[in-house]
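The block underneath contains the structure these notes are about, expressed in structure tokens.
Throughout, protein chains are lettered first and strands after them, A, B, ... in sequence-line order, and every chain is numbered starting at 1. All values reported here derive from a predicted model rather than from experimental measurement. Because only heavy atoms are used, hydrogens play no part in the values below, and waters and symmetry mates are left out as well, while side chains stay in.
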Amino acid sequence: MTGNDLQPAGSLPPHVGDVVLRAREIEKYFGHNHVLRGVNLDVRQREAVMIIGRSGSGKTTFLRCLNFLEEPTVGWVEIDGVRADANPLGARDRGHRERVRRLRLNAGMVFQEFNLFPHMTALGNCTEAPMRVRGLDRRRAEELADRFLAKVGLADKRNEYPSRLSGGQKQRVAIARALCMEPRVLLFDEPTSALDPELIGEVLQVMEELAHEGATMIVVTHEMHFAREAADRVIFMEEGIVCEEGPPEQVLNAPEDERTRRFLRRFLNVE
Amino acid sequence: MTGNDLQPAGSLPPHVGDVVLRAREIEKYFGHNHVLRGVNLDVRQREAVMIIGRSGSGKTTFLRCLNFLEEPTVGWVEIDGVRADANPLGARDRGHRERVRRLRLNAGMVFQEFNLFPHMTALGNCTEAPMRVRGLDRRRAEELADRFLAKVGLADKRNEYPSRLSGGQKQRVAIARALCMEPRVLLFDEPTSALDPELIGEVLQVMEELAHEGATMIVVTHEMHFAREAADRVIFMEEGIVCEEGPPEQVLNAPEDERTRRFLRRFLNVE
Amino acid sequence: QGGGGSASPTATTGSATSGAASGSAGNPNDLLAKIKQAGVIRVSTDPNYAPQSFQKPDGTFEGFDIDVANEVAKRLGVTVKFITPDFSAVQSGGWAARWDMSVGSMTITEPRKKVLDFTEPYYFTPAQMSASKKSGITTLDGLAGKKICVGEQTTYQFWLEGTLKLGDGSSTAPVPQGAKVTTLKTDQDCAQSLKSGRSDFEGWLSSSSTVDDAIKAGTPVVKVGTPVFYEPLGVAFDNKGAPPHSELLAAVKKIIQEMHADGTLTTLSKKWFNGADLTTKS
Amino acid sequence: MTSAEIPASGSGPIVERIAAARRTARRLWRLEFALVWLALVLGIVWVLAATGNVDLEFVQTWTPFILGGVGFTLLVCVSSIIGAVVLALLGALGRLSANPLINGLASFYVSLVRGTPLLVQIYFVYYGLPQVGIILDALPAGILALSFNYGAYMTEIFRAGIQAVPRGQQEAAEALGMPSRLVFRRVILPQAFRIVIPAIGNEFIAMIKDSSLVSIIGLQEILWRAGTAGRPILKTIPAFLIAALFYWVLTIIFSFFQERLERRLARSDVR
Amino acid sequence: MTSAEIPASGSGPIVERIAAARRTARRLWRLEFALVWLALVLGIVWVLAATGNVDLEFVQTWTPFILGGVGFTLLVCVSSIIGAVVLALLGALGRLSANPLINGLASFYVSLVRGTPLLVQIYFVYYGLPQVGIILDALPAGILALSFNYGAYMTEIFRAGIQAVPRGQQEAAEALGMPSRLVFRRVILPQAFRIVIPAIGNEFIAMIKDSSLVSIIGLQEILWRAGTAGRPILKTIPAFLIAALFYWVLTIIFSFFQERLERRLARSDVR
Ligand SMILES: Nc1ncnc2c1ncn2[C@@H]1O[C@H](COP(=O)(O)OP(=O)(O)OP(=O)(O)O)[C@@H](O)[C@H]1O
Ligand SMILES: Nc1ncnc2c1ncn2[C@@H]1O[C@H](COP(=O)(O)OP(=O)(O)OP(=O)(O)O)[C@@H](O)[C@H]1O
Ligand SMILES: [Mg+2]
Ligand SMILES: [Mg+2]
């Protein structure tokens, strides 16, 4: 292992294990816009990390840098022993692309807009990558898919096309699709913000279960209630850096940083 | 006036005036789907009515029936003395269309998705209908528009095109656009649900001000906090009928109807 | 098809066959040998020109050119396969061996002789001037200063423009003073234009048989004057075609001479051109 | 019919009465529509007959001959459209390639072929290529020229189709660790195909008529046969009318199937 | 270039170094791209020269004559495109009309004209209409036929464009009390126009070449002049090449302006 482990602020919950994801000194420029200014993160097994912060603070960008959907300008990411370095001009560098691809195998991503494949059924969405990337045969891939579809409560929708699912159901299929790759870490970007209030419950419930069952996950969210209940650690970002970090009780109830306090005040006002 | 006034449940707040909007026995079928099953509503001047209810209960459909964007199957609506009757096959009936058009002049609508005209500036959006429908000359229309744009805090954005405005700014322009027709009643359909949490505050603030200044408005909303603070009356709909109706403290804190209780429980759980 | 074949004496056919046989003894690479081996000669034709070449409703070809081609093939001991490329491609040479011979009433002109090899003329078409009835013109001189319609890129157009050089060196009548040229896609389009009731031009120049047919079909025109020139029309070969074709050329030249001599061509001409013998200029 | 009567008259539930009235109205509409077409067709036939362009004897004699070109036209079109789709796929990949060599080749092809007339291209393939030793028969030459020509136009259609697949689809596939070839083949292409089907249908209809240009190299398709039949006897107009009728019928038949296909795809295409 | 060097070498802030590297790479890309085109053009010229198709004397003598057709082609195209746009607007309105008479007329027009070859239509206008007493000169006849033909295709483009304007735009305008004519003229049409500009550009490019068909009625446009110049001296291929070059240049010039227009519109078109 290359990186020296970071000492997380506050004590660790007892159920967490070894570090599975390391991100070091992640910086990201969009043109001259310095969006991430050196972010470090260690995530341990079975840990649920929630990232909060105001709009434009760089939360989404950071999450996308973790699996290189956005190429960081500086820094590196290591997931389960696969490390990829920032390579801002590496679009045509085959070695880099292959490293990134292997890194992604261990990082399941659930998008805000679901991004299900509309031409495949729920089952097809879940078996496509396991069969073609992990090389499972159809029978085993379908077993796996059925197991995870059942876990998110959609066993009976396995043969539906996405166009016939509700928003909450779509988001749950997206979660199942990510789970079917059996990744070490799950990345969620505001998984409920495209849903209407009725559907949010469905998805949050599944995520809470995942957290309690010990999935390792990093979640960008605006749902403070959810963060309070399901997070092992909350990270507050502002202008591309981590301002405050610690157990939810501490960050959400007794923030030390002035900016965190201001943010939470504004936020709770609206709700 | 045709309709006998309904007796609203609970006592009326002191600031309200005469009835300006009457809707009687509104029923609506989509094909065989009976979405509204006879809804009655009287709204008095300076009253702020909020409609809540679960997804699919018919809130949007009812609001759209009020200004005939959706043609009701049965019933009638009267706004400020202009009455239009349900005429489900009246698409080619000129008299009906003209009546509906006059009725709409007194009912400003603010859409969930803003629906600003992308090829006109904020000012253009606000002056278009006053000039061409109300027949104001350009100077007077612009005066009016500037006044309302200032009211929603966008005096400096008058010459911007919608594509260069944030979501909250767009929604506020949409409110100013509706205000420029100086309608008797304002209809809002979930005016904040297309906005991200940061932008919701902007819009709710403007609406709260409008309510306090005595605008007559009907708002479909999921923002319970907002309903509690700004509503004179809250209506709970379920399966196309009004289940419960009354001052916000009563409906939201001590609902009588079992369905309302269940809804509020679910809802507050999520938040 | 083509009753012309039966009109030819059997003896002539026999002698031609023997002549061709001696040719094949010559160069086995010559086009002639290849054609004989295949038993088929590919002949280009443009079936837009009755009575020289047109199609029957069943798709088979008929007309004067068709009969001539069939007779030539018969005397070579082979059968004909007709091909219908655009005329402009036939006259420009460079056939890429897609067809072997053109029996398409092609006027022998000096420029064409640079890219094509011609036989002697197998007949001559009189170029007949006509005038629309509406114009009231009845003489060639009456067309001075008037508009005359011709098919695009025809010898008629070149004559009107003063650039026509006939390959047999024969002379042509003088062009009416100040006549202006109007072109349409084909000769028939000129007739179609008049028949539709248009009056974009007063005169029309085409072959006498085309003019006759148009008059028969009700086109409001009258013939004016005698033919302004006689086009010599020959059988043509691509002169830079890949397989050498000198033996084929010689054989066909000989056959055309024989057909002139034994009256076959005269018979065919009379059959197709309302009894007129166009095998000589007269 | 005036719509006011409908809800009042008749018996049974209102929804049935409205549905019945709608059905009647729709049937009436279709009838009127059909009558307009009928009247127009008859009008055209009448004018043609009155001007002596409908010559029954000519029609009887020559229709089979002209009809003989239909098979030919279809053979040319179907082969060419297949060729064009293959070329267009390669072209679109090239136009989207990051490799300047491939991109340059593809965009040169599109520019050159779209920039020059089909007639010249056909002429060139048939009469020009032999100069460099490539001698093609008329049929393959015609198909080749049409394929290249339509391939260039369809390259742009495919490119637009591929670009219209939402970016999130690619990201979702990449996040699952799929290599780029697989992403293209399994995720992008199937969705792009659905998008471009209507445009490809249009091209096919256009090609049915453009294919008449191959007559310049001696292919006896419909229009050429019509000209040949009509010209020598100065009946070009009746002959062309027969040809036009065949083309029209062909496109109507084809449009019918195209619409059905589109509607089928549209059903499962809703995202 | 391998990308690993870039961030390491050079001085100044990393963002400058990356930007510089990107610029270099982009410049190199453009250079390679331009070289590919240059090589292809030279290659074509070389092959043509080698096969004796570039005859400088012929080019010198005849280019001015063929060039004389450019003005003619442009005159025909520009007039026709204007006529086509007018017809297409009327056609699209008709195709969207609820009136069966108008709808029937419009759809008949589209079906008939799209279903038959342009060549036949030109022929018919020139030789057929005189039979009913309408005698047009070649130029107006050609423009009329082209206008009708392209008008039919563009009807469908306009219809799609109008239908692509989001439904919410119409509802917003109606809710402001605008009568339907005003809604169409002020809200729908301006937005539809922006949507269809690229498609209209394509049609114009196609028309530049299709206009060569008007030579059938003796109009001396580019291709006809090329044929006239080349045929008597048996140089059809060189003549056609000159014509093709003119067409190509015309479309390149036109495409350039079209792309600029599209880019300008795209900027303000973001909703
Ligand atoms: N593709 C991009 N190109 C240029 N700038 C971008 C891009 N994506 C994001 N940005 C900018 O980067 C900054 C951070 O964006 P980011 O999406 O990470 O914020 P966020 O914290 O996720 O906000 P939100 O809560 O609104 O989703 C913003 O200023 C944004 O404008
Ligand atoms: N245009 C339509 N055609 C057919 N059915 C419709 C249409 N619009 C709405 N419906 C149906 O009518 C019912 C009520 O829909 P409506 O949009 O009024 O609900 P809502 O209370 O506004 O819900 P939400 O809170 O999700 O917006 C739903 O069952 C819906 O499926
Ligand atoms: Mg974000
Ligand atoms: Mg709603």
Candidate pair E:Val120 and D:Leu223, rule side chain to side chain contact (heavy atoms under 4.5 Å, CB included), full reasoning: CA-CA 9 Å; E:Val120 171; D:Leu223 198 58; 3.4 Å; yes
Worked check of side chain to side chain contact (heavy atoms under 4.5 Å, CB included) between E:Ser80 and E:Tyr150: CA-CA 8 Å; E:Ser80 303; E:Tyr150 275 78; over 6 Å; no
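In terms of heavy-atom pairs under 4.5 angstrom with chain E, the leader among D:Tyr247, D:Tyr123, D:Trp37 is D:Trp37. When the candidates D:Leu119, D:Leu48, D:Asn202, D:Thr236 are compared by the number of heavy-atom contacts under 4.5 Å with chain E, D:Thr236 comes out ahead. With chain E as the partner, the residue from D:Thr51, D:Leu118, D:Val249 showing the most heavy-atom pairs under 4.5 Å is D:Thr51. Across E:Ile252, E:Thr251, E:Ile222, the residue that shares the most heavy-atom pairs under 4.5 angstrom with chain D is E:Thr251.
D:Thr116 touches chain E through backbone and side chain together, each having a heavy atom under 4.5 Å away. When heavy atoms are compared at a cutoff of 4.5 Å, D:Leu31 does not approach chain E at all. In this structure, chain E has a heavy atom under 4.5 Å from the side chain of D:Ile205, while its backbone stays farther away. Proximity to chain D involves both the backbone and the side chain of E:Tyr127, based on heavy atoms less than 4.5 angstrom apart. Using a 4.5 Å cut-off between heavy atoms, D:Leu250 makes no contact with chain E at all. Neither the backbone nor the side chain of D:Phe254 comes within contact range of chain E, judged by heavy atoms closer than 4.5 Å. The part of E:Ile44 that comes within reach of chain D is its side chain, from C-beta onward, which places non-hydrogen atoms under 4.5 angstrom from that chain. Proximity to chain E is absent for every atom of D:Leu35, based on heavy atoms less than 4.5 angstrom apart. Using a 4.5 Å cut-off between heavy atoms, D:Val47 touches chain E through its side chain atoms alone. With a threshold of 4.5 angstrom between heavy atoms, D:Leu112 approaches chain E through its backbone and through its side chain.
The minimum heavy-atom distance between E:Ala199 and E:Ile157, with the atom names listed, is CB-CG2, 3.6 Å. Nearest heavy atoms, D:Pro130 versus D:Val125: CD-O, 4.1 Å. For the residue pair D:Gln121 and D:Asn149, the shortest heavy atom distance occurs at OE1-ND2, 2.7 Å. Summarising the geometry of E:Phe148 relative to E:Val113, their closest heavy-atom pair is O-CG1, 3.4 Å, with the distance given to 0.1 Å. Contact between D:Phe58 and D:Lys235 at its shortest, heavy atoms only, is CE1-CB, 4.0 Å. Nearest heavy atom pair, residue D:Glu203 against residue D:Tyr153, reads OE1-CB, 3.8 Å.
For the side-chain hydrogen bond (donor to acceptor under 3.5 Å, both in side chains) condition, no pair includes a residue of residues 26-35 of chain D, sequence neighbours left out.
Interface residues of residues 97-111 of chain E toward chain D, defined by a heavy-atom distance below 4.5 Å and sorted by number: E:Ser97, E:Ala98, E:Asn99, E:Pro100, E:Leu101, E:Asn103, E:Gly104, E:Leu105, E:Ser107, E:Phe108, E:Ser111. At a heavy-atom cut-off of under 4.5 Å, chain D is reached by E:Phe240, E:Leu241, E:Ala244 from residues 239-246 of chain E, listed in order of number. Within residues 208-218 of chain D, the residues that have a heavy atom under 4.5 Å from a heavy atom of chain E are D:Lys209, D:Leu213, listed by number.
Salt-bridge formation is not detected for the pair E:Glu221/E:Arg225: no Lys NZ or Arg NE/NH1/NH2 atom is positioned less than 4.0 Å from an Asp or Glu carboxylate oxygen.
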